[in-house]
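Heads up, the thing below is written out as C-alpha cells.
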Amino acid sequence: MIIARIIGGLGNQMFQYAAGRALSLANDCPLKLDISGFESYALHNGYELDIFNIEAEIAGRKDISSLTGSQVRLARILRQKLGFSKRSHRIEREFSFDPCFFDIVQPAYIDGYWQSYRYFESHAAQIRKELSFKKPLSGKNLEISGHVAQTSSVGVHIRRGDYITNPAFAKVHGFLGVDYYVKAVRLIRETIPSPIFVVFSEDIAWARENLQLGQDAVFVSHNTGMSSYEDMRLMSMCKHNIVANSSFSWWAAWLNNNPDKMVVYPSNWLAGRKAVQDYERFMEDLIPPTWIMV
C-alpha cells in the first residue's frame, strides 16, 4: 500500500496523485489518499480529485498512523527531524526531482508536492487515462469545446487573483505581467497559421484591456468555484497552450493530447527564486523538453 498526502489546489493535488500512483504501479500495490488536511484547509476548493477517473481509495486514520506513527502532520514532521520517523514515512526533501523516489518500497506514506513530470513519465499513458474527467461537457462549455476543436485554438491562461492579493503567493509566484503574454502571443502568431486565442482568467477585464488578440478571441470567465476545473478541461482541448506560472495550466497543457501542440511557458516561473536551491534544475524537472520558454 502507498498512501499519498493530498493538499493544495487542483494542480498540486494532481501532481501528488500522479507521483503516488506511479509509485503504486511500480510497487504493484494499491494507492490510498490522505485528504485529512482539508479539514482545516481554507484555500482553493478543497479536495477535488473526485472529478477524475482516479484509481485510489481514501485512507483511514489507522492506515495513516500505521505508516507515519501519528495522525497529526506536525508531530510527523517533528519525529522526522528528531530522527524518530518510521522508514515507511517519506517527506519530500527538495522541490527538484528526487531520483531516489523509486527506491521507496511499500508500504509507504509520501508527503510532498512532487512537481516534476519525471515522477510519472514512465506511466504517462495510465496517468492520462485516470486523470480524465468523469462528467460530460454541457451547456456553454460544450459549445466552446466545439469551437476549439474546429479551429487552431490556443488556450491562454492568465492567473492574477491570489497572485496579486495574497502576499505570500505574490512573493513566491507573482503575476507574470503583460510583457510575457505579448511575447508569447507574438511567437504563436509567427508559428501557427490563423490562431484563435481562447482566454481563461479570473480577471477577463484585464485580458481584454491589455492583450490585442483579434476579433475572433474567446474570453472564458463563467467557470467559477467548484466548476473552475472546467477551465482546465477546455484548455486541455485547445490545439496549443500559453501557460501561466501555475500548476493548474501546467496540467491543462500536459493533458493536451494534440501530438503537434505548441506549449509556451514563462522563464520566471517563480518570482522568489530563492524558494528552490537550484532554480535551473527545478525548471528542467518541471517543464517537459518540448515546451518553449519565453
Side-chain angles (χ1 to χ4, degrees), residues 2-27 31 33-34 37 44 49 68 73 76-77 80-81 83 85 87-106 108-124 126-128 131 157 159 163 168-176 180 241 243-255 263-294:
I2 300 294
I3 298 180
R5 179 175 181 262
I6 307 297
I7 201 67
L10 179 57
N12 287 334
Q13 294 177 42
M14 293 168 74
F15 272 114
Q16 291 157 355
Y17 173 79
R21 181 62 172 134
L23 189 59
S24 77
L25 289 168
N27 278 267
L31 172 67
L33 308 179
D34 174 10
H44 307 296
L49 291 178
T68 64
R73 184 168 185 258
R76 299 198 297 260
I77 294 174
Q80 185 178 73
K81 289 187 175 181
S85 61
R87 291 175 60 87
S88 56
H89 182 207
R90 301 294 290 269
I91 295 180
E92 185 178 30
R93 296 183 294 185
E94 56 182 341
F95 286 120
S96 299
F97 172 70
D98 182 357
C100 296
F101 180 78
F102 285 103
D103 293 338
I104 300 172
V105 295
Q106 70 144 333
Y109 178 102
I110 60 171
D111 181 350
Y113 286 98
W114 318 111
Q115 292 192 354
S116 172
Y117 70 94
R118 298 183 191 276
Y119 287 117
F120 48 88
E121 63 180 334
S122 296
H123 302 280
Q126 184 67 25
I127 299 299
R128 289 178 190 278
L131 291 178
H157 186 216
R159 182 166 176 175
Y163 278 14
F169 287 4
K171 183 178 180 180
V172 175
H173 300 283
F175 173 56
L176 293 170
Y180 164 67
N241 299 93
V243 303
N245 54 337
S246 162
S247 58
F248 187 90
S249 53
W250 188 100
W251 275 103
W254 191 83
L255 290 174
V263 179
V264 180
Y265 72 95
S267 60
N268 53 330
W269 193 271
L270 296 177
R273 296 191 178 193
K274 293 182 180 179
V276 296
Q277 292 181 344
D278 186 337
Y279 183 77
E280 291 185 1
R281 180 184 162 207
F282 164 76
M283 290 297 288
E284 288 178 359
D285 291 339
L286 174 68
I287 303 297
T290 57
W291 296 11
I292 301 171
M293 182 177 71
V294 167

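Residue indices begin at 1 and follow the sequence shown. If you're wondering where the values come from, they're calculated on a predicted model, not measured in any experiment.
Listed here is the closest heavy atom pair of Tyr109 and Asp111: CE2-CB, 3.9 Å. Across all non-hydrogen atoms, the minimal contact from Pro266 to Val243 is CD-O, 3.6 Å. Of all non-hydrogen atoms in Leu270 and Tyr279, the two that sit nearest each other are N-OH, 3.5 Å. Residue Pro288 comes nearest to Trp254 through the heavy atom pair CG-CD1, 4.4 Å, listed as atom of the first residue, atom of the second, then distance. Minimum heavy-atom separation, Val105 to Asn27: CA-OD1, 3.2 Å. Between Gln126 and Arg21 the shortest heavy-atom distance is NE2-NH2, 4.1 Å.
Side chains of Val294 and Tyr265 form no contact here, defined as non-hydrogen atoms less than 4.5 Å apart. Counting heavy atoms from C-beta on, the side chains of Val264 and Asn241 never come closer than 4.5 Å.
When each of Ile3, Thr68, Ile6, Ile110 is checked for a side chain to side chain contact (heavy atoms under 4.5 Å, CB included) with Asp34, only Ile3 meets the rule.
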Any chance you could lay out the side chain to side chain contact (heavy atoms under 4.5 Å, CB included) test for Gln106 and Ile2, step after step, and finish with the verdict? CA-CA 6 Å; Gln106 70 144 333; Ile2 300 294; 4.1 Å; yes

Could you go step by step and tell me if Trp291 and Trp250 meet the ring-ring contact (aromatic ring centres under 6.0 Å, His included) rule? CA-CA 11 Å; Trp291 296 11; Trp250 188 100; 5.6 Å; yes

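The OG atom of Ser246 sits 9.5 Å away from the CG atom of Leu176 when rounded to the nearest 0.5 Å. Rounded to the nearest 0.5 Å, atoms OG (Ser247) and CZ (Arg159) are 6.5 Å apart. Note that CG of Asp278 and CE of Met283 are 12.0 Å apart. Values are rounded to the nearest 0.5 Å. How far OG of Ser267 is from CE of Met293: 5.5 Å, rounded to the nearest 0.5 Å. The CG atom of Leu25 lies 10.5 Å from the OG atom of Ser122; values are rounded to the nearest 0.5 Å.
Judged purely by atom type and a 3.5 angstrom limit, Gln16 has no side-chain atom pairing as donor or acceptor with the backbone of Ala4. Side chain of Ser116 to backbone of Leu286: no donor-acceptor contact under 3.5 angstrom is found. Proximity of a side-chain donor or acceptor of Ser249 to a complementary backbone N or O of Ala244 within less than 3.5 Å is detected. When atom types are taken as modelled, the side chain of Asp98 and the backbone of Cys100 share a donor-acceptor pair closer than 3.5 angstrom. Side chain of Asn245 to backbone of Gly174: a donor-acceptor contact under 3.5 angstrom is found. For the pair Gln115 (side chain) and Phe95 (backbone), a donor-acceptor distance under 3.5 Å is absent. A donor-acceptor pair under 3.5 Å is formed between the side chain of Glu92 and the backbone N or O of Trp114.
In summary, the aromatic rings of Trp251 and Phe120 are positioned with their centroids under 6.0 Å apart. Aromatic rings from Tyr119 and Phe97 are positioned such that their centres are separated by under 6.0 Å.
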